[in-house]
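What follows is a short report on a single structure.
By convention in this document, chain letters (A, B, ...) are assigned in the order of the sequence lines, proteins followed by strands, and residues within each chain are numbered from 1.
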Amino acid sequence: MKIIIDEDKCCGAGQCVLIAPEVFDQRDDDGIAVLLQAEPDAGQHDAVREAAAVCPGAAIELSD
Amino acid sequence: MTSPDSVLIVGASAAGLSTAEALRRHGYQGRLTLLDAGPHLPYDRPPLSKQVLAGAWEPARVQLRDPARLEALQAEFALDEPAVALDAAARAVTTGSGRVLRADALVIATGLTPCRLPGQDGLAGVHVLRTLDDALALRRDLTAGRRLVVVGEGVLGAEVAATARALGLDVTLAGMGRTPLGEQLGDVIGELLSRTHGERGVRLRLGVTVEELTGAGGQVTGVRLAGGELLAADVVVVAVGSRPATGWLEGSDLPGLPGLPGLTPGGGVACDSRCRAAEGIYAVGDVASWQHEGLGRRLRLENRTNATEQAQAVAANILGADRPYTPIPYFWTDQYDVKIQAHGLPSPAAELTVVDGDPEERRFTALYREGGRVTGVIGWNMPKQARVLRQQALGAQSLASA
């Protein structure tokens, strides 16, 4: 699984960090999501899919 | 309940689409139909008042999923097909073209209809903003016009004012509240927003009632306020709130569950804590009024985050889970270079305490407290810090994944 964040769409909600804190973080200055793992471990996949599903900016793109 | 063989989702916007995707993600393999009154495949609304209105994004950029993703969903999209009636016992929906669609499980995701002002219809230059087509029509008029009056000082009105001002229009923001977003976020934040808009050159006429729209030859010419002041305008945006788009259910026989009325007095679909409105019928997103077990009260949220979070609970419950939906509400708004994040239930009645940063420097987080309890968190240009504060003050639960 690969994750791409569309920074232009990210609204800084941090929902992804709440759901998958080992994979996502936010920049201190503007809150835009950043990846801690661009290709997360299998154990994280369900959480990452859920983070992408609930992202209010529709900013998380996944490819398998 | 066993897994249904067919699911019909009425409304193909963020909430409806997310419900469909969550069903598939959780292994649902049956028939899936999404019905929508509009002509477009699922698109996102928050950018309409910002990037789309500004012309910074091509309209195609608001599409929520590319064609390959929609294909993979293996769903039928019936577009330009407004639902006009429901037969709850048969779980059958009649559409404007006379089609009757039946399913084992039904999801109501019809969203909101903007409220309008008397005299608005038939007057060119007056706009509401809900759909992509609304946004593009408004953009055309903003490009040609010079003077904009926005009626309504809530999130949408304030965002439209900010976007139009950045486009160089002469902008007046008028509304009944004393400050922008004051009725949502309280007057401390509202005063800061008043200053922000004032500094950017937006004229504020707040705490006043709109008397009437004025026009000549079928074209709007202005907005008259109570007291007589006339705000001249080439374009007027009416952003005075919305109602749940449940008119199509009013003549129907939505029976509700024991103790549930079908529709609430405000027009929302009355649901239990599982987002269930009747046997096999669910509601999701802006239309759904449900019992929040954590708060012990009924809630209906008109925000983007709720659409996708509630969809997760609805999909799980359709597939036999018994999951209460207990989110921490969240919305954001972007105006000029200001990014506001609001978690929990901020209220004008609450006391606001700054936690980090400084309002005078326009970068801070703060807590809302009512009756000694923390009820909300706000961030002003501190999104990450607001989220961390939410986790500390409102609980770490990620309610969508509970």
Side-chain angles (χ1 to χ4, degrees), chain A, chain B residues 14 17-19 21-22 25-26 42-47 50-51 56-57 61-66 68-69 303-312 315 327-328 330-334 337 339-343 363 379 381-391 395-401:
Chain A
M1 174 189 275
K2 278 191 185 176
I3 310 172
I4 295 168
I5 291 171
D6 186 336
E7 293 192 1
D8 199 25
K9 288 187 173 176
C10 175
C11 65
Q15 299 291 104
C16 53
V17 189
L18 297 172
I19 294 169
E22 291 174 41
V23 179
F24 299 96
D25 196 0
Q26 287 174 277
R27 292 200 294 244
D28 288 338
D29 57 340
D30 61 7
I32 299 298
V34 292
L35 290 169
L36 303 175
Q37 304 177 35
E39 297 182 33
D41 309 333
Q44 294 290 331
H45 287 188
D46 282 352
V48 170
R49 285 197 185 93
E50 175 136 6
V54 303
C55 173
I60 302 172
E61 189 66 38
L62 305 179
S63 60
D64 293 311
Chain B
L17 174 70
S18 296
T19 305
E21 290 184 332
R25 209 169 60 250
H26 294 303
Y43 62 89
D44 210 9
R45 295 186 200 278
K50 301 180 279 280
Q51 294 93 335
W57 286 11
R61 192 135 163 62
V62 299
Q63 294 295 321
L64 278 168
R65 300 292 179 264
D66 63 31
R69 290 252 174 227
N303 68 55
R304 176 61 173 78
T305 319
N306 182 58
T308 43
E309 286 192 341
Q310 193 166 26
Q312 310 308 307
I328 295 173
Y330 163 82
F331 76 90
W332 81 97
T333 174
D334 299 340
D337 56 355
K339 292 168 93 73
I340 294 176
Q341 321 282 325
H343 301 270
R363 190 170 153 81
N381 282 339
M382 291 187 94
K384 176 178 181 175
Q385 295 79 2
R387 187 263 304 163
V388 171
L389 188 57
R390 160 204 171 128
Q391 288 177 283
Q397 53 193 137
S398 161
L399 301 137
S401 59

Chain A interface, residue from B/E21, B/H343, B/Q51, B/R69 that has the most non-hydrogen pairs under 4.5 Å:
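It is B/R69.
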Heavy-atom pairs under 4.5 Å with chain A, option from B/R387, B/R363, B/M382 with the top count
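The answer is B/R387.
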Holding to side chain to side chain contact (heavy atoms under 4.5 Å, CB included), I want the full list of residues that pass it with A/I4, two or more places apart in sequence or in another chain.
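Once residues adjacent in sequence are excluded, the partners of A/I4 under the side chain to side chain contact (heavy atoms under 4.5 Å, CB included) criterion are A/E61.
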B/D44 portion near chain A, given a 4.5 angstrom heavy-atom threshold:
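Answer is side chain: those atoms of B/D44 sit under 4.5 Å from chain A.
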Quick one, A/D25 with B/K384, criterion salt bridge (charged side-chain N to carboxylate O under 4.0 Å, His left out). Give me CA distance, side-chain angles, the key distance, then yes/no.
CA-CA 9 Å; A/D25 196 0; B/K384 176 178 181 175; 3.4 Å; yes
Checking an interface table here. Which of residues 26-44 of chain A come within a heavy-atom distance under 4.5 Å of chain B?
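Residues A/Q26, A/R27, A/D28, A/D29, A/D30, A/G31 are the ones that qualify, each having a heavy atom under 4.5 Å from chain B.
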So, taking the atom named CD in A/E50 and the one named NE2 in A/H45, what distance separates them when rounded to the nearest 0.5 Å?
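Result: 15.0 Å between the selected atoms.
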Determine, step by step, whether B/E309 and B/Y330 satisfy the side chain to side chain contact (heavy atoms under 4.5 Å, CB included) criterion, reporting the C-alpha distance in whole Å, the side-chain angles of both residues, the deciding distance to 0.1 Å, and the verdict.
CA-CA 10 Å; B/E309 286 192 341; B/Y330 163 82; over 6 Å; no
Among all residues two or more places apart in sequence or in another chain, which pass the salt bridge (charged side-chain N to carboxylate O under 4.0 Å, His left out) test with B/R61?
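Once residues adjacent in sequence are excluded, the partners of B/R61 under the salt bridge (charged side-chain N to carboxylate O under 4.0 Å, His left out) criterion are A/D6, A/D8.
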Between the main-chain N or O of B/A311 and the side-chain N or O of B/S18, is there a donor-acceptor pair closer than 3.5 Å?
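No; judged by distance alone, with no hydrogens or angles, the pair does not exist.
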Sequence neighbours left out, what passes side-chain hydrogen bond (donor to acceptor under 3.5 Å, both in side chains) with B/K50? Give chain and number order.
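Partners of B/K50 by the side-chain hydrogen bond (donor to acceptor under 3.5 Å, both in side chains) criterion, ordered by chain and then number, come out as B/E159.
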